[in-house]
Amino acid sequence: MLDLKEYGIVMWPEEKIISFREKLLTWYDENKRDLPWRRSKNPYHIWVSEIMLHQTRVDTVIPYYERFLDWFPTVESLANAPEERLLKAWEGLGYYSRVRNMQAAAQQIMTDFGGQFPNTYEGISILKGIGPYTAGAISSIAFNLPEPAVDGNVMRVLARLFEVNHDIGVPSNRKIFQAMMEILIDPKRPGDFNQALMDLGSDIESPVNPRPEESPVKDFSAAYQNGTMDVYPIKEPKKKPLPIYLKALVVRNDRGQYLLEKNESEKLLAGFWHFPLIEVDDFSSDNDQLDLFSQVKEESRAFGPSPQESFEQDYDLEVNWSQQVFDQVKHVFSHRKWHIQILAGQVTETKQFSDREIRWVSPQEFSDYPLAKPQQKIWQAYKTALEDEGLQ
DNA sequence: AACGCGGGGTC
DNA sequence: GACCCAGCGTT
């Protein structure tokens, strides 16, 4: 067992712990939100909600949760779902490896657990995509096991309660909060205790603009008593996303279809479909209209083919490029910021690609294809520009 | 231990 | 624009 004193934390005496549990759970009973997954004790339902809630807000999750259980009502149906349907169910939620891991775990449950959801912390932990937080959440909520569920909210609340001088963003410090929770957790109502701390952390004890005077446990909080609420939790700021410059190629054929390509990489937006994209160093040279003379032409030769040229080569198409200038599309990921310029054009042929991961798709069929946010923004910008053109 | 992995809310 | 977030897997 970890010695909390070594980390400068003085744990409360037993009477204070019991009093804290009572205060917190009484507040929870009176103030807890009526959420769809709180009406169920089905471990599959709890699991789906917990995975969706990773780095994602409750209001965003609710409609996805309802639809997901509608599409995949059982572990077995999830295990057998086709990839496109899986991605479509998650489209717009982000962190798409979550749903891939969930399907892998559903298959584990079918093969290794006879279709029965594991009912121990160790069994749950074996499942793909389930780490210590989620294992604790499912164990405590669905099976009433006294396991802590330490997420960002819990760490923030505990850091303020005990003035923890350790960075909550450092993974190895998680064990400190885990140890605190093993002592604090209410053995009779572990699931409610975990959820109460999370509710408290997401609203009253929110990271920005907290309302500590409204906290049901402010009398227990060292930071509140000492006026150090703004000091805790200790957390290093994140790094800024790296800017990436891309040209998106929106190309229409005679039938009004557009070229879409499947992302075969296993990394960012794996498995999603996208308008052809080409990465460039930056947009500086071609933004300057006055430079359209020999100097720039020589430079472009030195730097190889233009995006238009390399696109025509890659896809073996002759494109009638539009002169229209489209708005630039921007999209921020956790670690990248995409700046996208749209190039549009038409082809008079309807060449079929033997490689079936490149297709001509009509706008009516877009809804059959998983399309991530940047592609949706590109399509919106393209359509808007065409409409504006039509009004002239 | 650091990084890769989305998207949306809030100020 | 800058901040935040109901994490996990990989390297």
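Per chain, numbering begins at 1; letters A, B, ... match sequence-line order.
Between A:Thr134 and C:dA6 there is no side-chain N or O to OP1 or OP2 distance below 4.0 Å.
For A:Lys235, the listed nucleotide lying nearest its side chain is C:dC5; candidates were C:dT10, C:dC5, C:dG7. Distance from the side chain of A:Leu35 is smallest to C:dA6 among C:dA6, C:dA2, C:dC8. Nearest nucleotide to the side chain of A:Lys240, out of C:dA2, C:dA6, C:dG1: C:dA2.
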Sequence-aligned protein contact record of nucleotides 4-11 of chain B, with B where the base is within under 4.0 Å of a protein heavy atom and S where only the sugar-phosphate is: SBBBBS-S
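Taking atom P in both C:dA6 and B:dG4, one finds a spacing of 23 Å when rounded to whole Å. Nucleotides C:dC5 and B:dC5, compared at atom C1', are 14 Å apart to the nearest Å. The same atom, P, is picked in C:dC8 and in B:dG9; the two are 24 Å apart, to the nearest Å.
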Side chain to side chain contact (heavy atoms under 4.5 Å, CB included) evaluation trace for A:Leu184 with A:Leu158: CA-CA 10 Å; A:Leu184 292 171; A:Leu158 293 186; 3.8 Å; yes
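A ring-centre distance under 6.0 Å is found for A:Tyr96 and A:Phe272. Ring to ring, A:Phe117 and A:Phe113 are not that close: their centroids are 6.0 angstrom or more apart.
Applying the 6.0 Å contact sphere to CG of A:Asp327 captures no more than 12 heavy atoms from other residues, nucleotides or ligands.
Ionic pairing of A:Glu83 and A:Lys262 is present here: one or more N-O contacts between side-chain nitrogen and carboxylate oxygen are shorter than 4.0 angstrom.
In this structure, the NZ atom of A:Lys337 is 10 Å from the C1' atom of C:dA2, given to the nearest Å. Look at CZ on A:Arg156: it is 10 Å from C1' on C:dA6, rounded to the nearest Å. Here B:dC3 presents its P atom at 13 Å from CD of A:Glu236, a figure rounded to the nearest Å. Atom CG in A:Leu127 sits about 10 Å away from atom P in C:dG9, given to the nearest Å. Remark: C1' of C:dG7 and CG of A:Asn153 are 12 Å apart, rounded to the nearest angstrom. Whole-Å rounding puts the A:Ile204 CD1 to C:dC5 P distance at 17 Å. Atom CG of A:Leu53 and atom P of C:dA6 are 10 Å apart (whole Å).
Summary of the strand contacts: A:Arg33 and A:Ile130 both lie near DNA chain C, and taking for each the nucleotide with the nearest heavy atom, the more 5' one is attributed to A:Arg33.
Cation-pi contact between A:Arg85 and A:Trp71: present, with separation from the ring centre below 6.0 Å and deviation from the ring axis of at most 45°. At least one test fails for A:Lys16 against the ring of A:Phe20: distance under 6.0 Å to the centre or angle within 45° of the axis.
With hydrophobic clusters built from ILVMFWY side chains whose heavy atoms lie under 4.5 angstrom apart, A:Tyr121 does not share a cluster with A:Ile126.
In this structure, A:Asn101 reaches the sugar-phosphate backbone alone: every heavy-atom distance under 4.0 Å involves primed, P, OP1 or OP2 atoms, never a base. Heavy atoms of A:Pro132 sit under 4.0 angstrom from primed sugar atoms or phosphate atoms, though from no base atom.
Scanning for side-chain contact (heavy atoms from CB on, under 4.5 Å) contacts around A:Thr348 gives A:Asp254, with sequence neighbours left out.
The stretch residues 170-203 of chain A touches DNA chain B through A:Ser172, each having a heavy atom under 4.0 angstrom from the strand.
Of the residues listed (A:Arg160, A:Arg211, A:Lys218), the one engaging A:Glu205 in a side-chain hydrogen bond (donor to acceptor under 3.5 Å, both in side chains) is A:Arg160, and it is the only one.
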